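Notes for the one structure printed next.
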Amino acid sequence: MAMMLIGYDLNGPGGDYDRLLDSLESFGSYWHCLDTLWLVETRMSISQVRDSLWMHMNHGDKILVIDVTGAPASWIGFNQECSDWLKDNL
C-alpha cells in the first residue's frame, strides 16, 4: 500500500463537490485535518488517484497527488487524533 498526499484548489463553477469528498473518503484509511489536503492509503498509482478524483472536479480546479510512502514527516499544532493518525500511518 502507498501513502498519497492529495492537495487541491476548487475554483471551477458550480461548487457541488460531494462526490469528490465521497471519493476521497472511500479510500478507507485517510487523514483530513487541513482544509484541502488529504493523506490516503491506496494500491492505486498516482495517475489513477488523480484521474479518479478529477472526474468529480470542474474545469479551473487544480489537483496535486504525490506518493509520500516512506518519506520523512514532521508536524505540530494538530489535535491528538490528527497527530496520532500521522504517528500510526506514516
Side-chain angles (χ1 to χ4, degrees):
M1 294 281 261
M3 186 65 64
M4 303 289 180
L5 176 104
I6 301 165
Y8 55 83
D9 282 342
L10 304 177
N11 301 311
D16 181 10
Y17 291 102
D18 290 340
R19 289 183 187 167
L20 174 62
L21 297 178
D22 289 344
S23 185
L24 285 159
E25 291 174 354
S26 75
F27 284 102
S29 181
Y30 66 85
W31 182 90
H32 179 58
C33 295
L34 293 170
D35 289 338
T36 61
L37 186 103
W38 294 66
L39 287 165
V40 301
E41 194 171 44
T42 183
R43 285 187 164 80
M44 297 168 70
S45 71
I46 55 175
S47 297
Q48 290 170 323
V49 170
R50 179 203 59 208
D51 294 345
S52 72
L53 298 172
W54 184 250
M55 67 187 339
H56 305 297
M57 299 174 76
N58 294 318
H59 182 73
D61 293 343
K62 299 175 188 143
I63 187 166
L64 172 69
V65 180
I66 302 172
D67 185 339
V68 296
T69 307
S74 183
W75 58 90
I76 194 166
F78 292 103
N79 66 30
Q80 194 65 46
E81 180 182 0
C82 291
S83 186
D84 286 347
W85 191 98
L86 292 169
K87 281 188 244 180
D88 294 343
N89 292 280
L90 291 181

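All residue numbers in this chain count up from 1 along the given sequence. Side chains included, hydrogens not; waters and symmetry mates left out as well; all remaining heavy atoms used. All figures in this text were calculated on a predicted structure; none of them were measured in a lab.
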With a 3.5 Å cut-off and sequence neighbours excluded, list the donor-acceptor pairs that the side chains of residues 36-43 form with protein atoms.
| residue | atom | partner | partner atom | Å |
| --- | --- | --- | --- | --- |
| Thr36 | OG1 | Tyr8 | O | 3.2 |
| Trp38 | NE1 | Tyr8 | OH | 3.2 |
| Trp38 | NE1 | His32 | ND1 | 3.1 |
| Thr42 | OG1 | Met44 | N | 3.0 |

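Ion pairing between Lys87 and Asp84 holds under the 4.0 Å rule for side-chain N and carboxylate O.
A continuous path of hydrophobic side-chain contacts links Trp85 to Val68 [ILVMFWY only; heavy atoms under 4.5 Å]. Connection of Leu24 to Trp54 is established within a shared hydrophobic cluster, with ILVMFWY side chains joined at heavy-atom distances below 4.5 Å, either directly or through further cluster members. Linking Ile, Leu, Val, Met, Phe, Trp and Tyr residues whenever their side-chain heavy atoms come within less than 4.5 Å leaves Leu90 and Met4 in two separate clusters. Using a 4.5 Å cut-off between side-chain heavy atoms of Ile, Leu, Val, Met, Phe, Trp and Tyr, with links allowed through other members, Leu5 and Leu21 fall into different hydrophobic clusters. The same ILVMFWY cluster, assembled from side-chain heavy atoms under 4.5 Å apart, contains both Tyr30 and Met57.
Remark: Asp22 CG is packed, more than 12 non-hydrogen atoms of other residues, nucleotides or ligands lying under 6.0 Å away.
For the atom pair NZ (Lys62) and CG (Leu10), the distance works out to 10.5 Å, reported to the nearest 0.5 Å. Between the CH2 atom in Trp31 and the CZ atom in Phe78 there is a gap of 3.5 Å [rounded to 0.5 Å].
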side-chain contact (heavy atoms from CB on, under 4.5 Å) evaluation trace for Ile66 with Ile46: CA-CA 7 Å; Ile66 302 172; Ile46 55 175; over 6 Å; no
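Between Ala2 and Thr69 the shortest heavy-atom distance is CA-OG1, 3.2 Å.
Of the possible donor and acceptor atoms, one in the side chain of Ser26 sits under 3.5 Å from a partner among the backbone N and O of Ser23. One N or O on the side chain of Asp61 and one on the backbone of Asn11 form a donor-acceptor pair closer than 3.5 Å.
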